[in-house]
Amino acid sequence: MPLIPLSFPLFPARLPKHSERNQRNDTAMERNYRKLWWQHCLAIIGFSVIPLLLVNFFLYHLFDTTYTDKVMESLRSNAENRRDAIDLFFRERIAQLYTIANANSFQQLTDEGYLNKIFEIMHVKSDSYMDIGIIDSEGRHLAYVGPYYDTLKQVNYKNELWFKEVQANGLYISDIFMGFRKTPHFIIAVMVREKNTSWILRVTINLKNIDDVVQKAWAGHLSDAFIVNKKNVLQTRPRFGGNFLDVPATPEYTADSLKSHPYPDYSSVVATKLERVTYSGMDAFFAATPIHNTKWILVIKENPDEMLSPLVKGQHWMLLFMAAGLAIIATGAALVTNTLINRIKEADLVNAANADMLLQANKMIALSKMAAGIAHEVNNPLASIAENAGWMKDLLAEEDIAGSKNYTEFSESIDKIEQHVARARKIVHNLLGFARRMEPAKEKIDVNKLLDETTGFLENEARYVNIQIAKEYADNDPVITSDLSQIQQVVLNLLNNAIDAIGHDGTVTVSSKDLETTGEVEINVADTGKGIAESDLHKIFDPFFTTKEVGKGTGLGLSISYSIIEKLGGKMKVQSKVGVGTVFTILLPKQ
Amino acid sequence: MNTLRVLIVDDEDDLRETIVKRLNARKIQTEGAASGINALEILKDKDFDVIVLDVKMPGMDGIETLQHIKKLKPEIEVIMLTGHASLEFGLKGMQLGAFDYVMKPAPLNELLDTIGQAYNKKSGLTL
C-alpha cells in the first residue's frame, strides 16, 4: 500500500498545474512585451522627431524668407542698373544732339554736304544713328542725311504730334513706331532757338542699341526683360513671346484663351516696383522701373525656379538630412528599446522564479499546518487503539484463553494491530516533524538523524520500484547549526530526483562526511541512474531547465535547492557520468 | 519499597482508562484524572510518586497544571505526555521541573521505563 500522505506535492516537479500556470504567464508576457516595445519605440521617435521637424521647418522658413528677400533685392538692383544704363544712353544721345545743334549754325547744318560730314563723325562714335534731319519751324525738312532721302525729304512734319510736342518742350523722344521704314525705330528731336527763329534737329535711332542694353538684363536662362510705354505697349522685343507694339504676355497667350493671362500692367509705375506674381500657369518675379528721360518702363521678369534654385537645392538637402535623421533615430530607438525590453524580460524571469519560490514556500507553510492538524487528530485515537490492543495482550497472557483453539489467532491479530499502530505512529511523527520544520530557524541538527528521517519519507516509494537506499554515514554523528526544514527539503528533492533518475532497480547512496579541516559537513546523494549529459551539466541549476517531459517538471526544484543551500552559506555541486550515475554534493558549514 | 503510585492526567477517556487498567494489572497503583483541575483536586487528598501529564488538554493545559503541581507538591516527578513532535513543550516542561517527556502514542514499555526512572530518582532523593 503506498504511503498516500507522504506523496503530497512537496516540490514543483510533482505539480503539473504549476507548469500550466507558467505557460499561461509566458504568453501573456509575450503580448505585453510587444506592446511595450512599440510604445517605447514610438515615444522615443515621437519626442525626437517632433522637435527635429519643428527646427527644420523654422530654419527652412527663415532661410526661405531671407533668401527670397535677397533675390528680390538683387532683382531690384539689376533692374535699376539696367535703367541707369538706358538713362545714360539717352543722356549721351541728347547731349550729343545739343552739342551738334549749338556748335553749328543753322546755315551750316542745312547744307547737306556739311550735315553728311557731321553724321559721319557721329557714326564713328556710335552706330545707333540711322539718319539725321533739320526741320524748320514750319515743319519743312530742310536737310536730310540717311537711307530714305527720297521719301523723307519731301515730308512736312507740321501736323505731326511729335513736331508740336518738340516745339512745346524743346525735346522729344518718341515711342517705338514702324513709320515709313517698316522697321521699329524711334526718334529724338531737339529744338534750337537762334535769334528770332527756331529749328529742329532730329535723329532716328536704331532700336538695336536699346535692345542690347535691355538684353543684358537676361541674367538667367529663363529671365526676360523688356520696355513698355505708358500705354503698356512693348517697346523692345521680349525674349519669350510678344513683339514690338504688342501687349506683353506669356508666350502661350492668346486673346481668347482663359488659361493664360497677359503680364501685369506696369505702364503707370512711378518708382521701382518689385513683386512676385502667381496665378494660374505663371509664377514670376517682376521688377518694373521707370526710365527717367522717356515715358518708358523697364520690366524685368525672372523665373523663381531659376532664381531660387539654391533654395530648392537646400530644400532637397534638408529633406535628405531629415530622412537620414529619422532613420538614425528609428534605428537608435529600436536598439535602445531592444536592450531595455531584454533587461525587463530577464528581470521578469528572475521575478517569476522568485515568485515561484515564494508561492512554494507559502504552499509548504499551509501544507505543514494541515499536516500538523491531521497528525494531532490522528494521534489520540491511535494512542487509544495501541493501549487497548496492549490491554487485550495483557489479558490474553493471564486468562485460560491460552488454552482455547483460537488463542494463536488472537495473539497474532493483536500483534498485527500493534505493528500497524507503530507504523502509523511513525508516519504521524514524520508528518509532525515536517510540519514543525516549516518554521525557519537556527537549530542544532544531527546530520545523520536528519538523513535518516528524510530517507524515511521515501523508503516505501523506493521499495516499490526496487530501489535500495544505502546509508554511509560519518561515524561521529556530525552536528551543524542551520535550518533543518530547509536542508530536509533540499535532501528530499535530491532523493526524489535520484529515484526519478533511476526509474526502477538501482541504488541510491546517501552519505555524510565530517570535514574536520574546513569545518564543513558534506552530504552526498548518489544514484545509479542514467546520468546527465556533459552539455546539460552546467545548466542543471538554472531556473526552468528540465529534462523531464512537458508537464512533469518545471525545472525549478534544483534551482530552488541551490539557492536554499547558498542562503544557508553552503555549496552545492554535481558530478555525473552518462550511464554510470550522478552524485549531488552539499557542503554545509557547521556554524 | 512502597508501592509505586501513579496519576494519569489525560482528557481522552479511552486512552486514560486503558492505561490505568494496564498499569494496575502490573501492580502499579494507578488513578486517572480527566483534566488538570481534576488532577489538582485529587492531589489535595492523595500523594503520588509520578504523574503522567498530557500537554494538550481543554481548559487548563499540561504546562499550567505542571506549574500548579510543582507549587503544591514539588517532590512528585512529572512526565509530560505530548502529541507534539516538537521538543518545545517537552523541553519547556522539563525547564519547569518535569522529569522527562514521552511522545504519544507511546508503547507502554517506553512509558513504564520512564515511570520507573522517575520513581528511582524520587526514591533516591527521599530515601
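Excluded from the calculations below are hydrogen atoms, water molecules and symmetry mates; all remaining heavy atoms, backbone and side chain alike, are included. Naming convention: chains lettered A, B, ... in sequence-line order (proteins, then strands); numbering from 1 in each chain.
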> Kindly compute the distance separating CG (B/Leu15) from CG (A/Asn379), expressed to the nearest 0.5 Å.
10.0 Å

> Within the 4.5 Å heavy-atom criterion, are A/Glu418 and B/Pro107 side-chain neighbours or not?
no

> Between A/Gly390, A/Ala386, A/Pro381, which residue shows the highest count of heavy-atom pairs closer than 4.5 Å to chain B?
A/Gly390

> Let me know if B/Arg26 has heavy atoms under 4.5 Å from chain A in its side chain, its backbone, both or neither.
side chain

> Mark yes when over 12 heavy atoms from residues, nucleotides or ligands other than A/Lys471 sit less than 6.0 Å from its NZ; otherwise mark no.
yes

> To the nearest 0.5 Å, how far apart are OG1 in B/Thr18 and CE in A/Met392?
11.5 Å

> To the nearest 0.5 angstrom, please state how far the CG atom of B/Asp10 sits from the CD atom of A/Glu387.
10.0 Å

> Does CD in B/Glu64 sit with more than 12 non-hydrogen atoms of other residues, nucleotides or ligands closer than 6.0 Å?
yes

> To the closest 0.5 Å, what do you measure between CG (A/Asn388) and NZ (B/Lys21)?
6.5 Å

> Is it the case that atom NZ in B/Lys70 sees more than 12 heavy atoms from other parts of the structure closer than 6.0 Å?
yes

